[in-house]
Structure formats: structure tokens, C-alpha cells
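Data block below; observations after.
What you see below is based on every heavy atom in this structure, not just the backbone, and it leaves out hydrogens, waters and symmetry mates.
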Amino acid sequence: FPDNGAPFIAGPVALQMAGTLPPPTIVASKFAGAGFGWPAGAFSPPLEGTVAFGQLRFTVPAEAKTGQSYTVRLSAVQANDIRYETLSRLFTLQSLPAHVWVGTSAQTSPDVLSDEWKLKFFGSLTNKLADLFADPDGDGKNNLQEFLAGTNPTEHQIQPLDSEWRHARNNGFKLRWFAQGDKTYIVEASSDMITWTEVARVTGADNLKEVVDSQTQSDQKFYRVRVAP
């Protein structure tokens with residue numbers, strides 16, 4: 001994909017295999033993209049650990065300018081294991097994008113979070129909540145830490161009480177959490193943690209939601225956010 005105003009790539013994309021690895025037997029091309037595949041048993045012995053497949057080759061248009069770049073992404077990354085009788089087991093793999101810079105060294109740091117991880121939790125590769133050091137659920141761990149730990153970066157949690165936005169401007173109390181798109185949340189308040197009163201009902205959209213409770217006359221008040229049944 002062209003970045004920074006770079007012209008589109010008109011020529012084909014080719015995969016030049018490394019070492020003794022067999023060339024792909026399945027090749028599909030569409031626009032400036034390409035798909036490569038191998039039948040079961042093509043790699044003998046089976047691939048393990050880190051393996052360099054080879055080089056992805058394409059021609060940068062002559063009109064491309066210094067400082068422009070291209071992003072290389074892998075789509076529909078997957079592998080099958082059919083060693084178990086006739087059953088096919090699908091393995092979901094993760095891929096990182098690469099950047100090709102025209103006439104200059106790299107101007108940004110390499111990507112660390114996989115595309116598949118971003119799409120799973122944020123639904124978009126460009127969602128600001130998917131930034132490396134963002135903390136969408138407010139648990140004190142940024143996306144990089146969540147990614148390395150294998151934890152859910154969008155687990156709905158209320159921000160800690162020392163958060164700068166805990167008090168609303170209208171003397172109410174503000175709550176914020178990450179609301180998943182397939183869930184409805186009920187915000188409730190209580191003065192004794194026995195009797196709960198519904199404050200708001202929120203439909204998730206895979207983004208941060210915010211609710212302000214302006215009815216804060218009591219000396220103490222407790223809040224909870226729960227998923228509607």
C-alpha cells in the first residue's frame with residue numbers, strides 16, 4: 001500500500017524463495033497484491049522456529065519521491081495441519097507489516113503489534129486505541145504490555161480513582177470504560193452496595209464509553225458496570 005502520497009504500484013509482486021525451499025504451487029494475483037500457497041507435505045522436514053521464506057519483490061514507480069514509503073502487509077495469513085486422519089486443523093498465525101522507504105532510511109520504528117491482534121480487539125488497523133502505548137481499558141498496562149502478556153487490552157474496567165477526569169464539571173461523577181461492540185452495559189449506583197439503581201444503559205461499539213451521574217447528593221456512593229444478560 002502506498003503511503004505519504006506515493007504512487008500506486010502497477011507491476012506484479014513476486015516471491016523469490018530462499019535456499020532449498022520449494023516454490024509456491026498456488027499463485028494468485030489481483031491488482032498490486034499476490035497470494036502464495038503450498039500443498040500439504042510440501043515442506044520436508046516441516047518448518048519450525050524462524051524460517052526465512054525469501055524476498056518479496058516489486059518495482060517502485062519511477063515517479064516515487066524521496067521520503068515516500070510503501071507498507072507491505074500479509075492478508076488471510078493461515079496454515080493447515082491435516083496430519084490427523086481426514087480432519088483439517090486451521091492455525092491462525094500473526095503477521096507484522098513492513099515498510100519500504102524511497103531514497104531514505106526508515107523514518108518510523110518497526111511495528112510490534114500484529115495486524116491480526118489489532119483487528120481482533122479493535123476492528124481496525126488505524127484505530128487510535130490500538131496504538132502501541134495506548135491503554136484503552138485503563139488498567140495501567142499499555143497495548144504493548146498486553147500483547148506480550150497475551151491478555152485482553154479491552155477488558156472493561158473502571159479507571160482508578162486518581163484519574164484526572166473522575167469528577168465531572170457539573171458536580172457529578174464520570175465513569176469511562178472500553179465497551180465491546182457485541183455487548184450492552186448497565187451502569188448502576190448504590191449508597192450501601194445492597195440496593196442498586198440503574199444510571200444508564202450503554203450499547204458497546206468497540207470504543208470508550210463515558211457516563212456521568214449528576215445525582216451525587218449522598219456522602220458516599222458506589223458504582224458498578226455490568227454486562228446486560
Side-chain angles (χ1 to χ4, degrees), residues 1-127 130-132 143-151 153:
F1 303 94
D3 297 316
N4 307 321
F8 282 93
I9 296 173
V13 177
L15 177 62
Q16 182 176 346
M17 299 301 294
T20 59
L21 293 180
T25 57
I26 305 171
V27 179
S29 298
K30 184 177 182 181
F31 303 112
F36 307 97
W38 291 260
F43 299 102
S44 181
L47 301 179
E48 294 181 348
T50 301
V51 177
F53 264 52
Q55 295 182 336
L56 197 64
R57 303 179 68 89
F58 62 92
T59 301
V60 175
E63 61 270 27
K65 300 178 181 179
T66 299
Q68 293 179 331
S69 62
Y70 293 87
T71 297
V72 180
R73 279 197 156 90
L74 304 181
S75 60
V77 179
Q78 63 186 38
N80 285 314
D81 187 338
I82 57 175
R83 292 175 295 174
Y84 300 93
E85 299 178 354
T86 59
L87 297 178
S88 177
R89 299 177 61 195
L90 179 64
F91 290 82
T92 300
L93 308 180
Q94 296 190 68
S95 64
L96 297 173
H99 304 280
V100 178
W101 295 87
V102 180
T104 182
S105 58
Q107 300 298 302
T108 60
S109 301
D111 290 79
V112 177
L113 307 180
S114 74
D115 285 353
E116 291 75 17
W117 190 84
K118 291 180 179 179
L119 290 173
K120 176 181 179 179
F121 291 110
F122 302 101
S124 169
L125 298 176
T126 58
N127 192 329
D131 287 350
L132 188 64
N143 285 332
L144 174 59
Q145 293 171 313
E146 302 266 21
F147 176 75
L148 295 176
T151 53

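You'll find the side chain of Phe121 stays beyond 4.5 Å of the side chain of Asn127, heavy atoms only. At least one side-chain heavy atom of Val51 sits under 4.5 Å from a side-chain heavy atom of Leu21. In this structure, Pro39 and Thr25 have side chains that are in contact, with non-hydrogen atoms separated by less than 4.5 Å.
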Self-check item: side-chain contact (heavy atoms from CB on, under 4.5 Å) between Thr59 and Ile9, worked out
Solution: CA-CA 7 Å; Thr59 301; Ile9 296 173; 5.9 Å; no
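Minimum interatomic distance between Phe36 and Ala14 (heavy atoms only, all atoms of both residues): CZ-C, 4.2 Å. Contact record, Gln68 with Asp3: CB-O, 4.1 Å, taken as the closest heavy-atom pair. Across all non-hydrogen atoms, the minimal contact from Leu96 to Asp111 is CD1-O, 3.9 Å.
Once rounded to the nearest 0.5 Å, the distance linking CG of Leu119 with CD of Gln94 reads 11.0 Å. For the atom pair CG of Leu113 and CG of Leu148, the computed distance is 8.0 Å after rounding to the nearest 0.5 Å. In this structure, CZ in Phe1 is found 8.5 Å from CG in Leu125, a value given to the nearest 0.5 Å. Note that the NZ atom of Lys118 and the CG atom of Leu132 stand 8.0 Å from one another [nearest 0.5 Å].
For the pair Asp115 (side chain) and Ser95 (backbone), a donor-acceptor distance under 3.5 Å is absent. A distance-only check finds a donor-acceptor pair linking the side chain of Tyr70 to the backbone of Pro7 [under 3.5 Å].
Under the 30°/60° scheme for interplanar angles, the aromatic rings of Trp38 and Phe53 are found to stand perpendicular.
Defined by atom type and a distance below 3.5 Å, a donor-acceptor pair is present between the side-chain atoms of Asn4 and Ser69.
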